[in-house]
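Letters A, B, ... mirror the listed sequences (proteins, then strands); counts begin at 1.
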Amino acid sequence: MKNKFQEVLLSALSEIGYPTEKVIVQSPKNPDHGDFTTNYPMINSKEIGKSPMEIASIIVDKINSSGNELIDKIDSIPPGFINVKINKDMLSNQLKQIILSDSDYGKNDTGKNKSALIEFVSANPTGPLTVGHGRNAILGDTVCNILEWNGFNINREYYFNNAGRQMRVLGESVYVRYMELLGENLEIPDGGYEGLYIKDIAKIIFDTHQEKFKGDSSNKIFKQTAEEYIFEDIEKTLKKIGLKFDSFFNENTLYDNNDIDRTVNDLKAKNLIYEKDGATWFKATAAGRDMDRVIIKSTGEPTYRLPDIAYHRDKFDRNFDVIVDVFGADHMDAYPDVIAAIKSLDYDSDKIKVLIHQFVTVLKNGEPVKMSTRKANFISLDSLIDEVGADVTRFFFIMRSMNTHLNFDLDLAKEQSDANPVFYIQYAHARCCNMLRRFEGDLDSIDESSLEHLKLDIETQLINKLLTFSEVIRKSSQTLEPQNISNYLAELSSSFHSYYAKERVIDSDNKILTEARIYLVNATRIVIRNGLKVLGVSAPEQM
RNA sequence: GCACCCGUGGCUCAACUGGAUAGAGCAUCUGACUACGGAUCAGAAGGUUGCAGGUUCGAAUCCUGCCGGGUGUACCA
C-alpha cells in the first residue's frame, strides 16, 4: 500500500519536474497524521529552491488534479509535511492479500538466488553454553530467519577450535577428576576448569576404562571425551530453543588444507608481512588500522587472527553473497583486522556484516554475577530455558537492541514471565483463534465485498498495521535488528486487543459485518503467527 | 591513555535510523465482564532524553568537549 502511494507521489514529482532521488514515505505514529506521510518538501527544499510549504502545495495540487482513486484526502501541513489518507475501500481490500498468501505473507524475494552464511555461537567446546552465548545464538538464528523471509538461502555455521591451549587445559582438568575417582588427589592446573560437568566426563572415562589411563595425563582420551560430551550438551541446549546448524567448521581444517600457509604467502605477496622480534607481523597499518599485529608468534604458533583471516577467506571462496558474523563485544577489536586483511586480499569486504552485541549482565540477588566458564560460576543457557521456557528466552533476547548492555535479573525473570510481552502477543493470537472457532460461518466463503463495512478508524488503523508487516520484514533484512519485529508485534497486538475490547466482532444480528470483522481477525491471526515464526516463537491457539 | 558500546519517568527498555505532542511494560493510583477468554481494556500520575555547546526548517538520534558505566586494548581465544 505504501508502495502504491509512493508510485503516485513519484509520478507526480516527475510530471512536475522535481528530483526523485530523496523520497521518504513513512507511516506516522500519530493516526491524526493520516495513513502515510512524506517529508519530501522539507528535505528537497534547497535543491528545488522553494519553501517547503510552497513545494508541498504544488505536489498536493498536482495529485489532487490527477484524481487518483487510491487517495481519499491529501494535505500539506506546516512546516512541510504531506499527509495522505487512503481510500478505505482500497485499504480493506488489501486484506485479501494477507488471507491469500497465508503462511507466506510477509515474505519477499529480494534475496532470491542469493546465499548468506551466518556464523554465530562459535563457542569452543570447553563447557556448557552460558546465558551470554544465548544472546548470540538467538540473535544469530533470528537474523537467519529474517534473511530467509527475504528470500535468501541460509547457511547457519558454527566455528570452533578444538586444538588450542584451552582445550589442552580442559583435558588436564578431566584427568585430575579422573584420578580423583581412582582415589588420588591432584591439583587442578592453573586456569583449569572447575565445573561439575568435568567430573561427569571423568566418570564416563572411568566407567568404561577403569584405571587404564592412570598416570597417562596426556592421553588424548581426556580431551576427546570432553569435547564429545560437551558438544552433545551444547547441541541439546540449542535444540531446546529450536536452533539447528547447517555446518560446523573446525579450525583445524584450515591447517590441514594449507589455507593458513596460503594466506600468509598471499599477504606476503602483497607486501603486508614482515618479521620482527622473531615473530611474523601483519602490516595492518597499511590497511588503515592503527597498529600492526602479530599473526605468528615467535614460537611458530599462529595467533587467533591468522586462522580467522583464513576462515573468512574460506567463506568468500565458498561464494556466499552475504556473510554475517555475530560476535560478542569482546571481538570488537579483532574483527577490523580481519576485515582489513580480507580487503587487502582483494575480496569485497562489503559483503561482510558484523553484528556486535553487548554482554548480558546476570543479576542474582541484585548482584552481578561475574561469569567465567573456567570458574564454573556461569548461569547456563540450559537452566534458563528450563526455568522460563524457550519462547520467553528467545523473545527476551531479541526484544532489546543488541547494543544495549542487557541486565538479566534472574530472580525477576521468573516473576516477570507472566508479564512478559511474549505472552501478550501470544494471547492476541490465541484470541484470534478462539474467535475463529466461535464463528459459525465458513471462513473460506466469506464474501469479500463485505470488507467495505470496515469503516471505523480503529479498523483502518489495524489494517494499516497489518499491511506494514511485509515492510517490517524487508527493513529488518537491511538493519538486521530483530527487535524491530518484536516491537512491531507488540504494537499490532495492542491494536488488536484494543479493537477487541471496544468492538463486538461476532454479532448474530449482523451477519455481513460479522463476516467482514472475522476476516480482519483472521488476517490478524496470520500476521501475528508469521511474525512469531520469524522470531522462532510458538503461536499457540490456546493458552 | 586509546578504540568501540551505552546513558531516556522509581525499574527494564522502545522510538520506523534526522520528523510532528519522546512511547510501552513493571511498580503506584482509578475505573471496566450475567455477550467473542480479564494473560485483556479505558484512564491518572510520572521526563530539561547525563551535562555544555554546535549543525538546520526540525536533534534522544549527527559533530565537538566534558561527566558517569561497560567491553576490549597481549607473541590469550
Describe the nucleic acid contact of A/Asn403 in one word from base, sugar-phosphate, nothing, applying a heavy-atom distance below 4.0 Å. sugar-phosphate
Give the dot-bracket string for RNA chain B, reading 5' to 3', where a pair is Watson-Crick or G-U wobble with both distances under 3.5 Å, ( ) marks pairs inside the strand, [ ] marks pairs crossing earlier ones, | marks a partner on another strand, and . marks unpaired. (((((((..((((.....[...)))).(((((.......))))).....(((((..]....))))))))))))....
Just wondering, are more than 12 heavy atoms of other shown residues or ligands nearer than 6.0 Å to CD in A/Glu541? no
Identify whether any heavy atom of A/Gln166 sits under 4.0 Å from a base atom; if not, whether one sits that close to sugar-phosphate; answer base, sugar-phosphate or nothing. nothing
At 4.0 Å (heavy atoms only), tell me whether A/Ile295 reaches a base, stays on the sugar-phosphate, or touches nothing. nothing
N or O in side chain of A/Lys46 less than 4.0 angstrom from B/U56 OP1/OP2: no
Can you tell me which residue pairs pass the ring pair (Phe, Tyr, Trp, His ring centres under 6.0 Å) test with a partner in residues 28-60 of chain A, sequence neighbours excluded? none
Any side-chain heavy-atom pair from A/Phe282 and A/Leu272 closer than 4.5 angstrom? yes
Which salt bridge (Lys or Arg N to Asp or Glu O under 4.0 Å) pairs, counting each pair once, include a residue from residues 36-48 of chain A, with sequence neighbours left out? A/Lys22-A/Glu47
Separation of the C1' atoms in B/U17 and B/C33, to the nearest angstrom: 43 Å
B/A14 to B/G7 separation - C1' atoms, rounded to the nearest Å: 15 Å
Scan A/Asp277 against the nucleic acid and name what it touches under 4.0 Å (heavy atoms): base, sugar-phosphate only, or nothing. base
Quantified in whole Å, what is the P atom distance between nucleotide B/A24 and nucleotide B/U40? 15 Å
Nearest heavy atoms of A/Gln358 and A/Thr404, plus distance in Å: CB-O, 3.3 Å
For B/A44 and B/G1, measure between their P atoms and round to the nearest Å. 48 Å
Using the C1' atom as the reference point in each nucleotide, state the distance between B/U49 and B/C13 in Å, no decimals. 13 Å
Should the heavy atoms of other residues, nucleotides or ligands under 6.0 Å from NZ of A/Lys283 be counted, would the total exceed 12? yes
Go through the steps to decide whether A/Val131 and A/Phe397 satisfy the test side-chain contact (heavy atoms from CB on, under 4.5 Å), and finish with yes or no. CA-CA 10 Å; A/Val131 169; A/Phe397 280 124; 3.6 Å; yes
Show me the protein contacts with nucleotides 29-34 of chain B, counting only N or O atoms at under 3.5 Å.
none

Do the side chains of A/Asp32 and A/Lys85 get close enough for a salt bridge, i.e. N-O under 4.0 angstrom? no
Among B/C13, B/G70, B/C57, the one nearest any side-chain atom of A/Pro79 is B/C57
Taking atom C1' in both B/A45 and B/G23, what distance in whole Å separates the two? 16 Å
Tell me, yes or no, whether the heavy-atom count around A/Glu440 atom CD, taken from other residues, nucleotides or ligands under 6.0 Å, exceeds 12. no
Counting only side-chain N and O atoms of A/Lys29, is one of them less than 4.0 Å from OP1 or OP2 of B/A15? no
Touch check for A/Thr404, heavy atoms < 4.0 angstrom, all strands: base, sugar-phosphate only, or nothing? sugar-phosphate
Under a 4.0 Å heavy-atom cutoff, the residues of residues 482-504 of chain A touching RNA chain B are A/Gln483, A/Asn484, A/Asn487, A/His497, A/Ser498, A/Tyr500, A/Ala501, A/Glu503, A/Arg504
Identify the heavy atoms of A/Leu489 and A/Val527 that sit nearest to each other, and give their distance. CD2-O, 4.3 Å
Do we get A/Arg431 above A/Tyr500's six-membered ring, with its NZ or CZ under 6.0 Å from the centre and within 45° of the axis? yes
For RNA chain B, which residues of residues 426-433 of chain A approach it to below 4.0 angstrom with any heavy atom? A/Tyr427, A/Arg431
Rounded to whole angstrom, note down the P distance from B/C62 over to B/U8. 15 Å
Does A/Asn83 reach a base, just sugar-phosphate, or nothing at all? Heavy atoms under 4.0 Å. base
What's A/Asp507 touching, base or sugar-phosphate or nothing? Going by heavy atoms closer than 4.0 Å. nothing
Roughly how far apart, to the nearest Å, are B/G47 and B/G10 at atom P? 7 Å
Nearest-angstrom distance from the residue atom CD of A/Gln358 to P of B/G7: 11 Å
Describe the nucleic acid contact of A/Ala279 in one word from base, sugar-phosphate, nothing, applying a heavy-atom distance below 4.0 Å. base
The nucleotide from B/A39, B/A77, B/C13 with an atom nearest the side chain of A/Glu251 is B/A77
